[in-house]
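These values consider heavy atoms only, across backbone and side chains, with no hydrogens, waters or symmetry-generated copies. Each chain gets a letter, A, B and so on, in the order the sequences are listed, and its residues count up from 1.
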Amino acid sequence: MRGGKMSNIFLIARITFKECIRNRALYGIFLLGLLLFTANIIITAMFSWELGKVAVDVGLSVVSFSGLIIIFFLSINALSNDLDRKTIYMILSRPINRSQYILGKYTGLGLIILLSSAILGICAALSFKLATAGHEAFIPMHFSWPVFFLALTYLSLSLLVLLAISFLWVSITTHPFTAVLLSMLSYFIGQNVENVKNMIIKNQMFEDNVLLIKVTDFISWVFPNLAAFDLKTTAAYGLPVNASYLFAVAAYGLSYIGICLILTMMIFQRRELA
Amino acid sequence: MRAIQFDNIWKDFKIGMKRTTVLHGLSLDINSGEIFGFLGPNGAGKSTAIKLLLNFIKPTRGTITLEELIVGQDPFQHLIGYSAETPCFYENLTGRETLLFAGKASGMGRGAVQERAEDVLRRLDLLAAGSWPIKTYSKGMKQRLGLAVALVHEPRIYVLDEPMSGLDPLGRRLITDVIFELREKGKTVFFSSHILSDVERLCDRIGVLNKGELLYCGEVDVFSRNAATFEDAFINLIEGHERGKNV
């Protein structure tokens with residue numbers, strides 16, 4: 001006999017990963033990614049200046065774009081389908097509790113995102129190599145591959161944060177479409193919240209509007225600051241990396257994932273699976 | 001010994017602004033080793049009772065126990081094998097992979113579950129299809145796989161929601177034989193069905209539910225004693241209850 005919480009989480013992660021990796025839609029996303037990398041080589045050729053910067057920017061943006069599609073259209077569906085089509089009955093009629101189910105599902109889908117980032121990240125590196133081949137003079141002087149892969153890692157972490165938020169939305173809403181919309185909205189706010197906050201706080205026009213400043217501050221806490229994970233510019237120019245900043249962002253991301261998953265589990269415990 | 005006990009179960013659902021009661025104080029005892037049929041027309045509350053039994057939903061009032069374990073408080077899932085009315089699986093997995101998952105999740109070791117999965121696939125005539133993705137299965141094959149998932153870890157109690165639904169006569173015969181085998185092994189089977197002839201043939205006792213109220217609970221023979229057929233007895237009971245409600 002075997003048992004244990006971890007092995008249950010691992011079992012669910014494994015079937016989730018297998019189910020997703022055999023989904024044809026995933027191959028469609030990979031194909032789209034590869035097409036965009038080809039486009040990267042063509043687009044980059046149009047820029048005589050900053051060739052390296054554009055190649056890195058476009059390459060990492062394609063990885064991010066593909067990850068977003070996986071979250072919005074594959075991951076949310078995978079979780080919602082379990083609830084709508086009652087596949088979850090097969091799982092929860094076993095000695096597996098609802099929290100283990102959520103953690104297992106998140107691990108499985110998280111692994112899909114990491115795998116996608118790894119494959120497309122290598123493609124991004126190759127497309128950078130091809131785009132800049134013969135134009136070495138246009139590669140930024142301090143460009144380094146470790147920083148490039150560091151940017152890829154933080155991009156993947158931001159996708160994992162968004163995946164955790166999408167889990168929370170699926171647990172709150174009853175319709176997958178609503179969960180997709182709310183996840184997209186969270187991404188949009190997350191990408192811009194820091195800029196908007198700075199704009200409002202630094203603008204003299206809003207100096208006396210305490211309520212607006214407080215609301216903006218609150219929103220910046222509730223929604224994830226996804227822009228903080230964006231190291232594309234750092235990677236493209238090979239700028240120096242601040243270790244304490246990286247540590248703080250990683251801790252922030254992991255905490256955010258933890259909080260979202262705890263809330264999801266709490267809501268899911270109470271949910272009626274009728 | 002009692003295998004399953006529903007003790008004064010009430011269940012309300014909120015539909016829009018309205019509260020609807022779908023189970024009215026259901027009390028039911030199912031003994032160990034018996035085959036118990038749960039009957040009732042559509043919307044009677046059978047599936048709701050089964051979902052409560054499996055802790056998918058929570059009762060508004062009342063307690064359900066499985067061999068002294070309280071549903072919703074104690075871990076009880078190791079005791080049961082469950083097959084849904086329309087079993088849904090991960091369609092890209094194979095039948096064999098699904099059974100391996102089900103067995104391991106129920107605490108079986110890898111070697112034991114592999115051996116048992118082959119036995120169950122063979123018994124349910126799915127051995128050749130075991131390595132196919134489930135998306136290629138017919139409705140009947142999925143129904144049989146649903147039963148295989150319930151059987152794989154050899155629990156003491158089986159909860160089968162409409163196990164004959166969507167099956168051809170051969171498939172129905174197969175499921176009937178499997179249920180008889182479970183009785184021979186001393187297992188408890190609690191199943192809901194619309195197919196009265198199967199219920200009459202298979203069950204030791206039955207419970208008849210209509211509009212969330214238990215109208216009869218007892219021996220099959222006693223149920224049909226004052227009617228020409230089992231079906232007549234069932235229809236008379238439901239119609240009598242409906243008339244009483246409408247008066």
Side-chain angles (χ1 to χ4, degrees), chain A residues 1-28 74-75 77-101 103-105 108-109 112 174 267-274, chain B residues 11-15 22 47-48 50-60 72 75-94 97-113 133-135 145-146 149-150 152-153 155 158-159 161:
Chain A
M1 288 290 232
R2 54 152 289 287
K5 289 172 186 171
M6 286 310 287
S7 56
N8 281 344
I9 294 169
F10 172 73
L11 275 174
I12 295 167
R14 195 173 164 179
I15 56 165
T16 303
F17 183 83
K18 273 190 179 176
E19 171 70 5
C20 237
I21 206 79
R22 292 176 190 170
N23 192 328
R24 282 185 194 156
L26 189 67
Y27 298 114
L74 215 71
S75 305
N77 249 341
L79 189 59
S80 304
N81 277 348
D82 274 12
L83 300 171
D84 290 346
R85 292 166 49 204
K86 314 296 180 205
T87 318
I88 197 168
Y89 287 175
M90 181 190 70
I91 296 169
L92 295 184
S93 60
R94 309 270 141 195
I96 291 172
N97 67 42
R98 294 182 182 200
S99 298
Q100 290 166 358
Y101 166 78
L103 291 175
K105 205 82 194 162
L109 293 169
I112 291 286
T174 50
I267 295 165
F268 202 65
Q269 284 294 348
R270 293 166 161 269
R271 186 161 173 167
E272 296 256 281
L273 303 170
Chain B
K11 180 63 188 171
D12 297 344
F13 281 114
K14 206 173 168 191
I15 303 164
V22 291
S47 290
T48 301
I50 288 176
K51 283 173 192 165
L52 287 163
L53 173 62
L54 289 149
N55 199 32
F56 295 151
I57 54 177
K58 304 207 182 327
T60 310
F76 64 92
Q77 285 89 347
H78 61 285
L79 293 175
I80 56 161
Y82 167 65
S83 171
E85 181 179 354
T86 316
C88 280
F89 306 98
Y90 289 124
E91 299 269 313
N92 292 317
L93 298 186
T94 66
E97 284 170 335
T98 303
L99 284 184
L100 290 180
F101 163 76
K104 284 182 189 172
S106 298
M108 294 174 82
R110 189 176 177 82
V113 72
I134 295 171
K135 63 184 169 196
L145 183 64
V149 166
V152 73
H153 55 301
Y158 293 83
V159 180
D161 196 357

Chi angles and distances behind the side-chain contact (heavy atoms from CB on, under 4.5 Å) call for A/Lys18, B/Asn92: CA-CA 8 Å; A/Lys18 273 190 179 176; B/Asn92 292 317; over 6 Å; no
Most chain B-contacting option - heavy-atom pairs closer than 4.5 Å, from A/Leu92, A/Ile21, A/Asn81: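 With the most close heavy-atom pairs to chain B, the winner is A/Leu92.
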With rounding to the nearest 0.5 angstrom, report the [atom1] to [atom2] distance, [X] to [Y].
X	Y	atom1	atom2	answer
B/Lys58	A/Gln269	NZ	CD	7.0 Å
A/Met90	B/Leu145	CE	CG	8.5 Å
A/Ile15	B/Leu100	CD1	CG	11.5 Å

Geometric class of the A/Tyr89/B/Phe56 ring pair [parallel <30°, tilted 30-60°, perpendicular >60°]: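 Ring orientation, 0 to 90° scale: parallel.
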Answer with side chain, backbone, both or neither: which region of [X] has an atom nearer than 4.5 Å to a non-hydrogen atom of chain A?
X	answer
B/Glu97	side chain
B/Ala150	backbone
B/Phe13	side chain
B/Thr48	neither

Interchain contact, A/Arg271 with chain B, by part (heavy-atom threshold 4.5 Å):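 The answer is the backbone of A/Arg271.
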Heavy-atom contact with chain B under 4.5 Å, split by part of A/Asn23: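 Both backbone and side chain.
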Any side-chain heavy-atom pair of [X] and [Y] under 4.5 Å:
X	Y	answer
B/Leu93	A/Glu19	yes
A/Arg14	B/Lys104	yes
A/Ile96	B/Gln77	no

Interface residue of largest heavy-atom contact number with chain A, from B/Gly146, B/Ala84, B/Ser47, B/Cys88, under 4.5 Å: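 Heavy-atom pair counts peak at B/Cys88.
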Pair A/Ile91-B/Tyr90, side-chain contact (heavy atoms from CB on, under 4.5 Å): steps then yes or no: CA-CA 11 Å; A/Ile91 296 169; B/Tyr90 289 124; 3.4 Å; yes
Closest non-hydrogen atom pair, A/Pro95 against B/Ser106: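 Answer, listing the atom of A/Pro95 first, then B/Ser106: CD-CA, 3.8 Å.
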Residue pair A/Arg94, B/Val149: steps toward the side-chain contact (heavy atoms from CB on, under 4.5 Å) verdict: CA-CA 10 Å; A/Arg94 309 270 141 195; B/Val149 166; 2.9 Å; yes
Pair B/Lys14-A/Glu272, side-chain contact (heavy atoms from CB on, under 4.5 Å): steps then yes or no: CA-CA 11 Å; B/Lys14 206 173 168 191; A/Glu272 296 256 281; over 6 Å; no
